[in-house]
A.B. asks: 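The structure that follows is given in the form of structure tokens.
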Amino acid sequence: MPRAMKAPDTDHPYGTPGHRSNNLSVLQQHCAFFDQDDNGIIYPWETYIGLRAVGFNTIASLIMAIGINVALSYPTLPGWFPSPFFPIYIDNIHKDKHGSDSGTYDTEGRYIPANLENMFSKYARAVPDKMTLGELWDMTEGNRYAFDLFGWVASKLEWGVLYILARDEDGMLSKEAVRRCYDGSLFDYCAKMQMGAEGKMG
């Protein structure tokens, strides 16, 4: 069953402990960390600041900030005319959902726990609840829709960035890191880690 404001799994039936939804959908929560002034709009410089806060270097943050906002801005705009500042409106972020993804978000930005569980039960072969880079690649290949070039590329880029951000010392991406990415709490955790103010994620 889709969950509007929580991102549970079998180990966290009530979602991330201490994480506040602020009446946002799970997909909106995923983006909210980057809204530096909490006005519901994410500009490229805010994306850049957020990426730097979670640990990406200057060049990578600049490239990703431009790419993210250029790619995602237009569908979220309240009108027909594009903006030269490429803002992303969080209220409309569900319009950015693309094909060839895991299906863990639905078209309204709600979270579907069963699809997270299915993802790991199908592709996490080496270690339960963790995936290697090769297994992530296999998953993105398995999720491909026919003739969906944008979805193919976007999915691989998204999972590649998450792997770089959240892989453990053994080079594996845990289900807990993925789940917390979905509700955005992973970004708060990584920012605190950069400041030396948070313990290791379970």
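Only heavy atoms go into these numbers, but all of them, side chains included; no hydrogens, no water, no symmetry mates. Please read these numbers as outputs of a predicted model, since none were measured by experiment.
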A.B. asks: Are Tyr189 and Tyr111 co-members of a hydrophobic cluster defined by side-chain heavy atoms under 4.5 Å apart?
C.D. replies: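 Same cluster: Tyr111 reaches Tyr189 through Ile, Leu, Val, Met, Phe, Trp or Tyr contacts under 4.5 Å.
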A.B. asks: Any donor-acceptor pair under 3.5 Å linking the side chain of Asp35 with the backbone of Asn39?
C.D. replies: yes
A.B. asks: Side chains of Ile66 and Phe86, heavy atoms from C-beta outward: is any pair under 4.5 Å?
C.D. replies: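 No, every pair of side-chain atoms sits at 4.5 Å or beyond.
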A.B. asks: Any chance you could measure Arg20, atom CZ, to Ser185, atom OG, to the nearest 0.5 Å?
C.D. replies: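 Going from CZ on Arg20 over to OG on Ser185, the span is 14.0 Å.
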A.B. asks: Do Met119 and Leu136 share a hydrophobic cluster (ILVMFWY, side-chain heavy atoms under 4.5 Å, transitive)?
C.D. replies: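 Yes, same cluster.
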A.B. asks: For Lys130 and Ser174, which heavy atoms make the closest approach, and how far apart are they?
C.D. replies: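 Of all heavy-atom pairs spanning Lys130 and Ser174, the closest is CG-CA, 3.9 Å.
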A.B. asks: What's the separation between atom CD in Glu176 and atom CG in Leu116, rounded to the nearest 0.5 Å?
C.D. replies: 9.5 Å
A.B. asks: Taking Ala126's backbone N and O only, do any of them form a donor-acceptor pair with Glu135's side chain (distance below 3.5 Å, no angle check)?
C.D. replies: yes
A.B. asks: Specify the closest pair of heavy atoms between Arg3 and Pro113, including all atoms of both residues, with the distance to one decimal.
C.D. replies: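 Smallest heavy-atom distance, with atoms named: CG-CG, 3.9 Å.
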A.B. asks: Should Ile42 and Ile93 be marked as a side-chain contact (heavy atoms from CB on, under 4.5 Å) after you check the CA-CA gap, both sets of side-chain angles, and the distance that decides it?
C.D. replies: CA-CA 11 Å; Ile42 304 170; Ile93 193 64; over 6 Å; no
A.B. asks: Are Tyr163 and Val178 in one and the same hydrophobic cluster, where Ile, Leu, Val, Met, Phe, Trp and Tyr link if side-chain heavy atoms are under 4.5 Å apart?
C.D. replies: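 Same cluster: Tyr163 reaches Val178 through Ile, Leu, Val, Met, Phe, Trp or Tyr contacts under 4.5 Å.
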A.B. asks: Under the side-chain contact (heavy atoms from CB on, under 4.5 Å) rule, collect the residues that match up with Tyr74, sequence neighbours excluded.
C.D. replies: Leu77, Trp80, Pro82
A.B. asks: Do NZ/NE/NH1/NH2 and the carboxylate oxygens of Lys175 and Glu117 come within less than 4.0 Å?
C.D. replies: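 Yes.
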A.B. asks: Count I, L, V, M, F, W, Y as connected when their side-chain heavy atoms are under 4.5 Å apart, and connections chain through other members. Are Val70 and Leu51 then in the same cluster?
C.D. replies: no
A.B. asks: Ser155 and His98: which non-hydrogen atoms are nearest, and at how many Å?
C.D. replies: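 Looking at all heavy atoms of both residues, the closest pair is N-CE1, 4.0 Å.
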A.B. asks: Are any side-chain N or O atoms of Arg167 and backbone N or O atoms of Ile164, one a donor and one an acceptor, separated by less than 3.5 Å?
C.D. replies: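 Side chain of Arg167 to backbone of Ile164, a donor-acceptor pair under 3.5 Å: yes, one is there.
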A.B. asks: At their closest point, which heavy atom of Ala65 faces which heavy atom of Pro44, and how far apart are they?
C.D. replies: CB-O, 3.6 Å
A.B. asks: If you look only at pairs with a residue in residues 46-62, which of them pass as a side chain to side chain donor-acceptor pair (under 3.5 Å), with sequence neighbours excluded?
C.D. replies: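 Of all non-adjacent pairs touching residues 46-62, those that pass side chain to side chain donor-acceptor pair (under 3.5 Å) are Thr47-Asn69.
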A.B. asks: What residues, two or more places apart in sequence or in another chain, satisfy side-chain contact (heavy atoms from CB on, under 4.5 Å) together with Met5?
C.D. replies: Ser21, Asn23, Gln29
A.B. asks: Can any side-chain N or O of His19 pair as donor or acceptor with the backbone N or O of Asp183 at less than 3.5 Å?
C.D. replies: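 It does hold such a pair.
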A.B. asks: Check step by step if side-chain contact (heavy atoms from CB on, under 4.5 Å) holds for Cys31 and Ile88.
C.D. replies: CA-CA 9 Å; Cys31 305; Ile88 297 171; 5.9 Å; no
A.B. asks: How close do Leu173 and Ala166 get, counting heavy atoms only, and between which atoms?
C.D. replies: CD1-CB, 3.7 Å
A.B. asks: Do Trp152 and Val161 land in one hydrophobic cluster if side-chain heavy atoms of ILVMFWY residues count as linked below 4.5 Å?
C.D. replies: no
A.B. asks: Counting distance only, does the side-chain N/O of Tyr123 pair as donor-acceptor with the main-chain N or O of Trp137 below 3.5 Å?
C.D. replies: no
A.B. asks: Backbone N or O of Leu24 within a donor-acceptor pair of the Asn22 side chain at under 3.5 Å?
C.D. replies: no
A.B. asks: SG of Cys190 to CE of Met195: how many Å apart, nearest 0.5 Å?
C.D. replies: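 Here the interatomic distance stands at 11.5 Å.
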A.B. asks: Using 30° and 60° as the class limits, which term best fits the ring planes of Phe33 and Phe187: parallel, tilted or perpendicular?
C.D. replies: tilted
A.B. asks: Within this structure, what is the CZ-CE distance for the pair Phe120 and Met139, rounded to the nearest 0.5 Å?
C.D. replies: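 CE of Met139 is found 7.5 Å from CZ of Phe120.
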A.B. asks: Verify whether the ring centers belonging to Tyr105 and His94 lie closer than 6.0 Å.
C.D. replies: no
A.B. asks: Can you tell me if Asp168 uses its side chain to pair, donor with acceptor, with the backbone of Asp170 under 3.5 Å?
C.D. replies: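 Checked: pair present.
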A.B. asks: In Å and rounded to the nearest 0.5 Å, what is the NZ to CG distance from Lys95 to Leu27?
C.D. replies: 13.0 Å
A.B. asks: From Asp129 CG over to Met172 CE, what is the distance, rounded to the nearest 0.5 angstrom?
C.D. replies: 10.5 Å
A.B. asks: Determine whether Arg179 and Thr16 satisfy the following criterion, side chain to side chain donor-acceptor pair (under 3.5 Å), listing intermediate values before the conclusion.
C.D. replies: CA-CA 9 Å; Arg179 186 190 66 78; Thr16 303; 2.9 Å; yes
A.B. asks: Can Arg110 and Ser25 be said to form a side-chain contact (heavy atoms from CB on, under 4.5 Å), step by step?
C.D. replies: CA-CA 6 Å; Arg110 298 177 300 178; Ser25 73; 5.5 Å; no
A.B. asks: Using the rule given for side-chain contact (heavy atoms from CB on, under 4.5 Å), can you reason through Ser102 versus Asn115, listing the C-alpha separation, both sets of side-chain angles and the distance that settles it, and then say yes or no?
C.D. replies: CA-CA 7 Å; Ser102 67; Asn115 287 348; 5.7 Å; no
A.B. asks: Between Arg125 and Asp138, what is the shortest heavy-atom contact and its length?
C.D. replies: NH1-OD2, 3.5 Å
